[in-house]
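Only one structure is covered here, and it is reproduced in the block below.
Numbers restart at 1 for each chain; the letters A, B, ... are given by sequence-line order, proteins then strands. Keep in mind that what you see is a predicted model, and the values were worked out from it rather than measured.
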There are 2 protein chains.
Amino acid sequence: METDLDEKRAVTALAALAQETRLALFRLLVQAGPAGLPAGMIAERLAVQPSSLSFHLAQLVHAGLITQRRAGRQLIYSAEYSAMNALLVYLTENCCGRDAISAPLCDPAAGCCPATAAKTPAA
Amino acid sequence: METDLDEKRAVTALAALAQETRLALFRLLVQAGPAGLPAGMIAERLAVQPSSLSFHLAQLVHAGLITQRRAGRQLIYSAEYSAMNALLVYLTENCCGRDAISAPLCDPAAGCCPATAAKTPAA
DNA sequence: CCGGCAGTTCGACGATTGTTGAACTATGGA
DNA sequence: TCCATAGTTCAACAATCGTCGAACTGCCGG
């Protein structure tokens, strides 16, 4: 389902999220669901200047983490869940040397990586 | 298990990962498992200058994504899986307005968010 | 066609980031 | 004690980032 990321795309996505306003913005859209939110409402909720918001929205769009669509005079933004999932998977890829996994959470101490788990004395 | 993140800690973690060398470094450690790798071997594998590597290692340590321990003259670095998991959970928190979830992967089109899934016509 | 609202684009500024090489600290062996 | 190895710290530099205000574009109502 989600397209695999190469290193550069992953860096772009992470850089897009590595900023207070954009992280709050992205999470707002993740929580808003596929219906998304118009730019104006986002600006209001995050108390950000329109021009600044536009800048951040563009970064997230460029990173592929959100998408834009028009509804009358408003521009609606919504989270791109597949891109988010691809990023999560990329970060945890081959966790502890295992073969590919699809669900990213990884906890060696709890048996995520049987081969190496014994070497982690609950530290 | 994993400590919840506040916004600033999340931004720090994401910023730490939003750089080619550091992302490669982190993934290398994730794949290396809890045993970790000495700085020298990391430098060799990533073909990075020692002083530059030190800089990046420090950022990841500061972000809480990796930890350092000494073994003789070597400094061994290993991934902090709980921090990584906390970050993944933070990103997907309240996905589509749902209550907390523990496994981060989120796909509205596939029923992750029943209430809103119908509004996404396979677009 | 005109006014105005929703959002974006632009240029300029200060702040932060990543790199490099040289000097420094710490550990282990002889 | 002296030396070599493993890694870190420091200062300086170019490059990139985030913010601001002002000007701009696109869309709708009348």
Side-chain angles (χ1 to χ4, degrees), chain A residues 7-29 32 35-80, chain B residues 7-29 32 35-80:
Chain A
E7 176 155 358
K8 295 209 173 156
R9 290 188 77 76
V11 167
T12 303
L14 288 163
L17 295 171
Q19 207 278 338
E20 275 208 34
T21 301
R22 284 197 299 267
L23 181 55
L25 164 42
F26 178 71
R27 298 218 314 151
L28 184 60
L29 290 182
L37 292 173
M41 178 164 292
I42 300 171
E44 187 183 329
R45 292 244 209 136
L46 300 181
V48 170
Q49 276 206 327
S51 95
S52 189
L53 178 65
S54 234
F55 172 76
H56 292 305
L57 285 167
Q59 303 250 334
L60 286 166
V61 168
H62 175 248
L65 288 166
I66 68 176
T67 50
Q68 182 192 65
R69 68 181 190 276
R70 183 172 281 278
R73 338 181 143 179
Q74 304 187 321
L75 286 176
I76 312 283
Y77 290 89
S78 46
E80 193 64 37
Chain B
E7 176 154 0
K8 293 208 174 157
R9 291 187 75 77
V11 167
T12 303
L14 289 163
L17 294 171
Q19 207 277 340
E20 275 208 33
T21 302
R22 286 197 298 267
L23 181 55
L25 164 41
F26 179 71
R27 297 218 315 150
L28 184 61
L29 290 182
L37 292 172
M41 176 163 292
I42 299 171
E44 188 183 328
R45 293 244 210 136
L46 300 181
V48 170
Q49 277 204 326
S51 95
S52 190
L53 179 64
S54 234
F55 171 75
H56 291 306
L57 284 167
Q59 303 250 336
L60 286 166
V61 168
H62 175 248
L65 288 166
I66 67 176
T67 50
Q68 182 193 63
R69 67 181 191 277
R70 183 173 281 279
R73 358 178 128 176
Q74 304 187 321
L75 286 177
I76 312 283
Y77 289 88
S78 46
E80 193 65 37

**Report entry** Non-neighbouring partners of B:Gln68 that pass side-chain hydrogen bond (donor to acceptor under 3.5 Å, both in side chains), sequence neighbours left out
**Finding:** B:Tyr77

Requested in this report: For DNA chain C, note the earliest and the latest nucleotide, 5' to 3', having some atom under 4.0 Å of a heavy atom belonging to chain A.
Outcome: C:dG4 to C:dT9

Requested in this report: Give, ordered by number, those residues of residues 15-24 of chain A having at least one heavy-atom distance below 4.0 Å to an atom of DNA chain D; if nothing qualifies, reply none.
Outcome: A:Gln19, A:Arg22

Please tabulate, for side-chain N and O atoms in residues 35-61 of chain A, each donor-acceptor pair with protein atoms closer than 3.5 Å (sequence neighbours left out).
{"unit_1": "A:His56", "atom_1": "ND1", "unit_2": "A:Arg22", "atom_2": "NH1", "d": "3.0"}

Requested in this report: State the OG1-CG distance between B:Thr67 and B:Leu29, to the nearest 0.5 angstrom.
Outcome: 9.0 Å

Report task. Quick one: closest heavy-atom pair of B:Glu7 and A:Leu23, and the distance? Result -> O-CD2, 4.1 Å

Report task. Taking side-chain contact (heavy atoms from CB on, under 4.5 Å) as the test, write out the residues that go with B:Ala13, two or more places apart. Result -> B:Leu65, B:Leu87

Query raised in the report: Roughly how many Å is it from CG in A:Leu60 to C1' in D:dG18, rounded to a whole number?
Result: 14 Å

Requested in this report: Please round to the nearest 0.5 Å and tell me the distance separating atom CD of A:Glu80 and atom CD1 of A:Ile66.
Outcome: 9.5 Å

Report summary line: Rounding to the nearest 10°, end axes of the helix from C:dC1-D:dG30 to C:dA30-D:dT1 built from five pairs each make an angle of 30°

Query raised in the report: Does A:Gln59 or A:Gly72 map to a spot on DNA chain D nearer the 5' end, using the closest nucleotide for each?
Result: A:Gln59

Requested in this report: For B:Arg70, check side-chain contact (heavy atoms from CB on, under 4.5 Å) against everything at least two apart and list the hits.
Outcome: B:Leu75

Query raised in the report: By side-chain hydrogen bond (donor to acceptor under 3.5 Å, both in side chains), which residues pair with A:Glu20, not counting sequence neighbours?
Result: none

Report summary line: Residue set satisfying side-chain contact (heavy atoms from CB on, under 4.5 Å) with A:Arg69, at least two apart, ordered chain then number -> A:Ile76, A:Ser78

Query raised in the report: Can you name the residues that form a salt bridge (charged side-chain N to carboxylate O under 4.0 Å, His left out) with A:Arg9, not counting sequence neighbours?
Result: none

Report task. Measure the spacing between CD of A:Gln19 and CG of A:Leu17 and express it to the nearest 0.5 Å. Result -> 10.5 Å

Query - Per-nucleotide protein contact string for nucleotides 6-13 of chain D (B base, S sugar-phosphate only, - none; heavy atom under 4.0 Å) - result: SSBB----

